[in-house]
Amino acid sequence: MELSKNYIPGATEEKWYKHWMSKKYFKSLPVSEGGKPDGRLAFTVVIPPPNVTGVLHMGHTLNETVQDILVRKARMSGFNACWVPGSDHASIATEAKVVDMLKREKNIDKKDLSREEFLKYAFEWKEKYGNIIYSQIAKLGCSVDWDRVSFTMDDHYYKAVIKVFVDLYRKGLIYRGARMINWDPAAKTALSDEEVEYKDVTGKLYYIKYAIDGTQKAKGQEDPFIVIATQRPETIMGDVAVCANPYDERYMHLKGEKVIVPLINKVVPVIFDEYVDKDFGTGILKITPAHDINDFNIGLKYNLPVIDTLNDDGTLSEAAQIFIGEDRFVARKKIVEELRRKGLLVKEEEYETRLGYSQRTNVVAEPKISTQWFVKMKDLAQPALEAVTSGKVTIHPNEKFNATYKYWLENVKDWCISRQLWWGQQIPAWYDEEGNVYVGETEEEARKEMSNQKLPEREMLKAESSKLTRDEDVLDTWFSSWLWPIEVFKGITEPDNADINYYYPTSVVVTGQDIIFFWVARMIMAGMEYKHEKPFSDVYFTGMVRDKLGRKMSKSLGNSPDLLLLIHEYGADAVRFGIMISSPAGNDLLFDESSLEQGKHFNNKLWNAMKLLKMWEEGSKFKTESSEPKVGGSGEFAIQWFQNRLNEVRGEVEVLMSQFRLSEALKTIYSLIWDDYCSWFLEWIKPEYGKAVEQDVYEKAVSLFDELLQILHPFMPFITEEIYHLLKERKDDLTVKQFDPLQPAEKEWLLLGNKLKNVISAIRDARNKNNLKPKETVSLFIETNDPSSYDLLKDILAKQINADSIEFNKDPEASCIMTVAESEKIYIKSDVTIDAGVQKEKLTRDLNYLKGFLISVEKKLSNDRFVQNARPEVIELERKKKQDAEEKIKVIEQTLSVL
RNA sequence: GGGAGCAUAGCUCAGUUGGUUUAGAGCAUCUGCCUUACCAGCAGAGGGUCCGCGGUUCGAACCCGUGUGCUCCCACCA
């Protein structure tokens, strides 16, 4: 067989994904359609549905990889693994993209389209980007069940959302009301508090003169005025009062006075409230209830009117009287200019402040009074809080996130769920001509609701015929996502179906920590409310993927790599490796392509190990008759040692995986394969040039490699499957091969293996330091108390350090290179002249280290309180350390004295 | 303003109830090798006041306090 020099991932990956699909390995049994879960336990994961706003980025790559590792591991461990793929309609985000695309590509304004026409374009968009996302998920090798692909606006899903809305409304947990909400003037919709991101910005504080009303001029003062500081001079037209602290001496004289709002000359009262901080600004505050939450609250308290001077798109409204139709920021400049011209601007100063930005459109959010739909959160929050504090749901890494989660739920505020958009589930509320609202899953239901409310018969007749108008708004996208673990199994629309009963609660949800409130907390709420059961047992938070300078990945910085290009360049396995290798749960990950490079190298290492085995296979067939296989005890030793090493590592990996410490598990496997298998084991069993490997040894080497491939498979599925099949003819596939039970590791073999490694390293080091070329053959003389320990080792040792003979406790009778390993003195005899200085230097160095070490150990042991207090096994250990160090020192000193 | 987390080699990070740790790995660096699987490799090496200070302890990278520097979350100071 012709094998390429290096591993080439592209075609191989495509081939295997197709094969796995054709074998339906990722298909979980649809219990509801009569399939039976054959007694296996379910391991369920629902994908955090990516938004159909665009393609997958590195954060998704990390998430999907983590999930695939967990799912594949579970599948190979005997679970009925079910990973549900899907995507999220992402109401506001997608609508913004579609609006933008229509304008740019087709020169169409949203306002010129009907709702239906717009939705047609939106669904086209969804189709396009949804498919790109799905193909990326497949390219990464994700073992999702494509027969279960779900979308948050699928028909049944849409119905589920509506059903939940109606249900919560009837329970009194959803209400409609006028509140101050955050308004997005670009998307022209309400936002939830969570959708507003606060950023530090340098703004300006303007100090503006307000004249004290002429009709009530304070006695004896010329042209009296007060100065008020504000960040938002463009809202002064909405002022309805000014407010000072009642204990502020400076403003006592204004009790009962009125002041004049500049430019529009409106007279407003002076009021007093302790809310005002005497020491900030000028100690006096303008009250603009329509445009600031604090002012709104004060307005409520003093029964002040609300004058909204802004339109929905952020331009000044008729109510502003001046600069009508100007954008709020343009108006600000013009008003400042006007004030300055009129001498009403006292000063302006730089001011560090925080502004809220819409998460989706990145414009400054506008506090606005508006009638919206809200979910009452307090009652829903309680069980969700309990689920985590009681440990039913475990967050990883919990130290970090439990507190955040708890704080949010304990202080949760009502959730604004209506959005003035078209892309999403339309709110199932209807209004009659008088503006009364009726909620039902359908118009008929709403109508019934209406007739129930209007008892008299005549009214009922009227109800049946009267005109009802449906609420135009749609629901917040998270109001659908929070049902995800339930409704992907139709747990809302067909409660108690076989699928949901089997697959719910799911096992683990893997997601970014940034959506802990948006999504995780709310899924737990929905789960507790609708299934009376947590939606998942574990939450695994990945960190944020940043570039190697620690910056967020973003399009504008151009530091967000294209996943498909990365897969093209490195292969999916290498991408998975690279992103996993340095990504402990919850820590941000500084993405650097050099780790993908490492993954690619690792692929190549595996590939070449396979090639070596194939070479041996062909060689041994060729030479079966003529050669006399010469692998006695040492081949056996190598196998025993590696088998036990493998058992040991499998145990470690099992523990790490169960703790979700995936990057450490991968590191451990990586080193087992690269160092222990390739660098040691394969070299130990490698035959002399031209000789064949013994059949038994070869076969054992292959089956050990099989085991390695299997442990690695969840992390790097493609190459492991490929090599598994290249090694041998197989009837099965690695993807569905079940793990054998763990075997305990026998310590004696491990110790012996370590001894061999240490001796080899010490001799190689000595050879290196003395400029002995690898080709120079040497003779070894070892001084040891236990020559028999070398029975199994000496053949390997001789081969590994290129020695033609090894003798024990015998005088080399010549000048030699000397070194020490495992407290044994080793003489290396060669024809090359020896530089005693080099040796002395190295030995002296070792000696100094050991002496220092010995002192620290002795200090402990001579301390009575240590001997009294420390655990016996610790003391024993220290004694052993002391003994070892003393022995080594003795040997080195002897050696040095000879030199 | 409130809360959380982090600080270990040039870089990215391990270090799981304080004791095989005068601290480990990968990458990077340096030295030597075209050794018949792999130069995307092999064999080695160098590199650290475990952020500063104080405390607890027989013993601290680890526990406590404090300072400094980063990061994140929450909050209505114009």
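Letters go in sequence order (proteins before strands), and every chain restarts at 1.
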Student: Could you check whether A:Leu285 gets within reach of a base, just the sugar-phosphate, or nothing at all, counting any heavy atom under 4.0 Å?
Tutor: base

Student: Is A:Glu664 salt-bridged to A:Lys667, cutoff N-O under 4.0 Å?
Tutor: no

Student: Can you label the angle between the A:Tyr7 ring and the A:Trp607 ring as parallel, tilted or perpendicular, going by 30° and 60°?
Tutor: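 If you compare the ring of A:Tyr7 with that of A:Trp607, the planes turn out tilted.
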
Student: Between the side chains of A:Lys368 and A:Glu366, is the shortest nitrogen-to-carboxylate-oxygen separation below 4.0 Å, so that they form an ion pair?
Tutor: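 Result for this pair is no, no salt bridge flagged.
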
Student: Can you tell me, in whole Å, how much space there is between the P of B:U31 and that of B:C72?
Tutor: 41 Å

Student: Under 4.0 Å, counting only non-hydrogen atoms across every strand here, what does A:Lys413 touch: a base, just sugar-phosphate, or nothing?
Tutor: sugar-phosphate

Student: Name the nucleic acid region contacted by A:Ile293, choosing base, sugar-phosphate or nothing; use a 4.0 angstrom heavy-atom cut-off, strictly under.
Tutor: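 Touches sugar-phosphate only.
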
Student: For A:Asn869 and B:U56, give me the distance from atom CG to atom P, rounded to whole Å.
Tutor: 16 Å

Student: Within the structure shown, what part of the strands sits under 4.0 Å from A:Asn863 by heavy-atom distance: base, sugar-phosphate, or nothing?
Tutor: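 It contacts sugar-phosphate atoms only.
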
Student: What integer number of Å spans the P atoms of B:A75 and B:G2?
Tutor: 16 Å

Student: With a non-hydrogen cut-off below 4.0 angstrom, is A:Ser595 in contact with a base, only sugar-phosphate, or nothing?
Tutor: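 No contact.
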
Student: List, one per line, each side-chain donor-acceptor pair under 3.5 Å for residues 271-287 of chain A, sequence neighbours excluded.
Tutor:
unit_1   : atom_1 : unit_2   : atom_2 : d
A:Asp273 : OD1    : A:Tyr275 : N      : 2.7
A:Asp273 : OD2    : A:Lys301 : NZ     : 2.8
A:Asp273 : OD2    : A:Tyr302 : OH     : 2.5
A:Tyr275 : OH     : A:Asn294 : ND2    : 3.3
A:Asp277 : OD1    : A:Asp279 : N      : 2.8
A:Thr282 : OG1    : A:Val227 : O      : 2.6
A:Lys286 : NZ     : A:Thr235 : OG1    : 2.8
A:Lys286 : NZ     : A:Asp239 : OD1    : 2.9
A:Lys286 : NZ     : A:Thr288 : OG1    : 2.8

Student: A:Asn768 has an atom CG; how far is it from atom C1' of B:C42, in whole Å?
Tutor: 11 Å

Student: Rounded to whole Å, please give me the gap between CD1 in A:Ile298 and P in B:C76.
Tutor: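 In whole Å, B:C76 P and A:Ile298 CD1 are 14 Å from each other.
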
